[in-house]
Amino acid sequence: MKWVDAVIQGLLLGGLYAQYAIGMSLMFGVMRIVNIAHGDLVVLLALIGISLAAVFGLGPGYIILILVPIGALIGWILQRGILNWAVGEDPLPSLIATFGLSLALQNFMLTVWQADTRSLDAGPLVVQSVDLWSIRVGVLPLVICGVALFLTWALHMVLKTTKFGRGLRAAAADKDAATLCGVDTKAIYAQATAIAVAVLGIAAVFQAARTTVAPSDGGAQLIYAFEAVIIGGMGSIWGAFVGGLILGVAQVVGSRIDPGWGILIGHLVFLLVLAWRPQGLLSRH
Amino acid sequence: MNSSPLLAARALSAGYGDFQALFSVDFDVFAGEVVALIGANGAGKSTMLKSFVGLVPIRAGTVTFDGRDISKMPAHALASQGLALVPEGRRLFRGMTVEDNLRVAADRARRLPAGVPAWTLERLYDLFPILGERRGQAVEKLSGGQQQMVAIGRALITQPKLLLCDEISLGLAPRVIGEIYAMLPVIQQSGTAILLVEQDVTLASRSSNRICCLLEGRIVLSGRSSEISREAIAKAYFGVGHEVG
Ligand SMILES: Nc1ncnc2c1ncn2[C@@H]1O[C@H](COP(=O)(O)OP(=O)(O)OP(=O)(O)O)[C@@H](O)[C@H]1O
Ligand SMILES: [Mg+2]
C-alpha cells in the first residue's frame, strides 16, 4: 500500500510538472526554441499573483483569471519583440536570447520582490483531502492534476481541429511551405508563445498555493519542465503530460526510499530515458 | 492575348548572399495560358518562381501581379492574391493527413467573386480519386505520385489565378507523370494560368502554349511552343558553342 500511495502522490505531483511542460513542448515543437526563461516566467507570474492577492484580497480563482491574460500578453510581446528575431535553423540565437532574458527577469524580480519566499493563500483547499480506495489524497493536487489533463486535452484538440492548429502544425513541419499556403508564421509563433506563457499563469497559481516561491526559484522549475518534455518526447503535447507524471512518480517514489533521494531519482529516470530512448517515450520519430 | 499580362516581371534581379542568380529578367504570363520555363541545372528556374512568391528576396526590378506590385508584399499574403507555387520536392506537411495538408491552404484561400466555381476538397477528390480514398492517412505514407497530387491540390485549393509548378515530374515513373500532366488542361480550362518548370523539353513544349529558356540567370529564348525548333531550344539550353548532339 505504501508504494501504491507513493505512485499516486507522484502522479499528482507530476500534474504540476505537466503544466510547466505543455508550453515548453509547444514552443519547441513549433519553433525549435528551448526557452531558458520558462521557469522564471512561472516565478514572475506567481509573484504578480501573490502581490495581486495581497493588495486586492482576491482568491486564487480570480488570480488565475487575471494571470492567464497577463501571461498571454507577456508571451506575445516576448515573441514579437525578441524571439521572432532569434528563431531559425540555428538554435543558438534563441538559447542566448532566452538565457539573457532569464538573468534579466531574475534581477528584475529581486529588485521588486526582494529575495523573500512567499506563497499564495488558497484557503481550505490546501489542507482538504479525500479518501480514494483508502488512500488519502489532497484535494489541491487532485485539482492540479485534473487541470493538467484538461489543458493537455484542450490544446491537443485545438491543434488537431482548428484553423490555427492546422496552421501551427504546418508551420512546424515546413515553414516555407506553410508560408506558400498563406500561413503567417511569425503571427503563429507569437500565438504559440502566448499560449505557452498563458498556461504558466495557471501553473504559477498552483505552484504558489502548493508551496513557496522566491525570485531565484526559476532554474529548478525549468529543469523539471525540461526533463518532463525530454522524457515524453520533444514537441509532443501528450508526451509532456506523460513525462510530467513520470517525473513526479520518480521523485515521490525516490523520496520514499530515502528522503534525500527524491530529486536525484527524478534526474536518474530522465537520464535513463535519454540514454535508452533519446527521442522520448511518445515521439513518433 | 494582347491584353496586359497577369504576371509581369521587369528587370528582375535576385540571388542568395553574394551570389546573383537572376540578372534583370523580363518575363510575362498572360491569363489563361500555359508557359513552360526550361533551362539547365542551376539556371535559376526555381529562384525565379521563388522570387515571385516572396521566398527569395527581390534585389532590383518589380513584379506585378494582376495589376498590383507584389515585390514588397509579405510572402504569406501572396496566396490570397491568387498566386500559388507547387514547390520543388513537394514540401508536404509530414505527420499531417492528406486532408489536413489541403485544409491548411483552404483555410486561407483567396475569396472568389460570387458565381466563380471554387476548388473544393470534393472537386480535388474528383480530379484525383486516390486522394479521396486516402484522405485520412499521413502524407508520408503515400507514393511519390500521390504526394505530388497532394502538392498540386494544396496549391489549387488556394484558388490561384496563376499556378506555378516547379518540376512536378521529378522522380516519378513515366506513367505517373502522364497522369499528372493530363490534369494540366483540366486546370487550364478552369481559368487558371500555369507556369511550368520542366526538365523534359519534349514534355515541356507539348504541354505549353509558350516556352521560355533560362541560361545562367538570363532569358535567352522565348516563343510559341509550336513554332520553336528543337535546334533553337538546344542552343538556348546549353548556350552558344554547343552543337545539337
Ligand atoms: N539557397 C541557396 N543558397 C545559395 N545559392 C543557391 C541557393 N539556391 C540556389 N542557389 C544557386 O542559385 C543558382 C540557381 O539555382 P536554382 O535552384 O534557381 O536553379 P534551377 O534552375 O532551379 O536548377 P535545378 O534544375 O537544379 O532545379 C544555382 O547556381 C544554385 O547553386
Ligand atoms: Mg530548381
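To find a chain, count down the sequence lines: A is the first, B the second, and so on, and within it residues start at 1.
- Across B:L83, B:D107, B:L55, the residue that shares the most heavy-atom pairs under 4.5 angstrom with chain A is B:D107.
- Identified by a heavy-atom distance below 4.5 Å to chain A, the contributing residues of residues 65-82 of chain B are B:A75, B:H76, B:A79, in residue-number order.
- The one candidate from B:N101, B:D100, B:L102 that meets the side chain to side chain contact (heavy atoms under 4.5 Å, CB included) condition with A:R166 is B:D100.
- In this structure, the portion of A:K160 lying under 4.5 Å from any heavy atom of chain B is its backbone and not its side chain.
- Taking 4.5 Å as the heavy-atom cut-off, the residues of residues 168-181 of chain A that approach chain B are A:R169, A:A170, A:A173, A:D174, A:D176, A:A177, A:A178, A:T179, A:L180, A:C181, ordered by number.
- For B:Y16, the OH atom sits in a packed shell: over 12 heavy atoms of surrounding residues, nucleotides or ligands are nearer than 6.0 Å.
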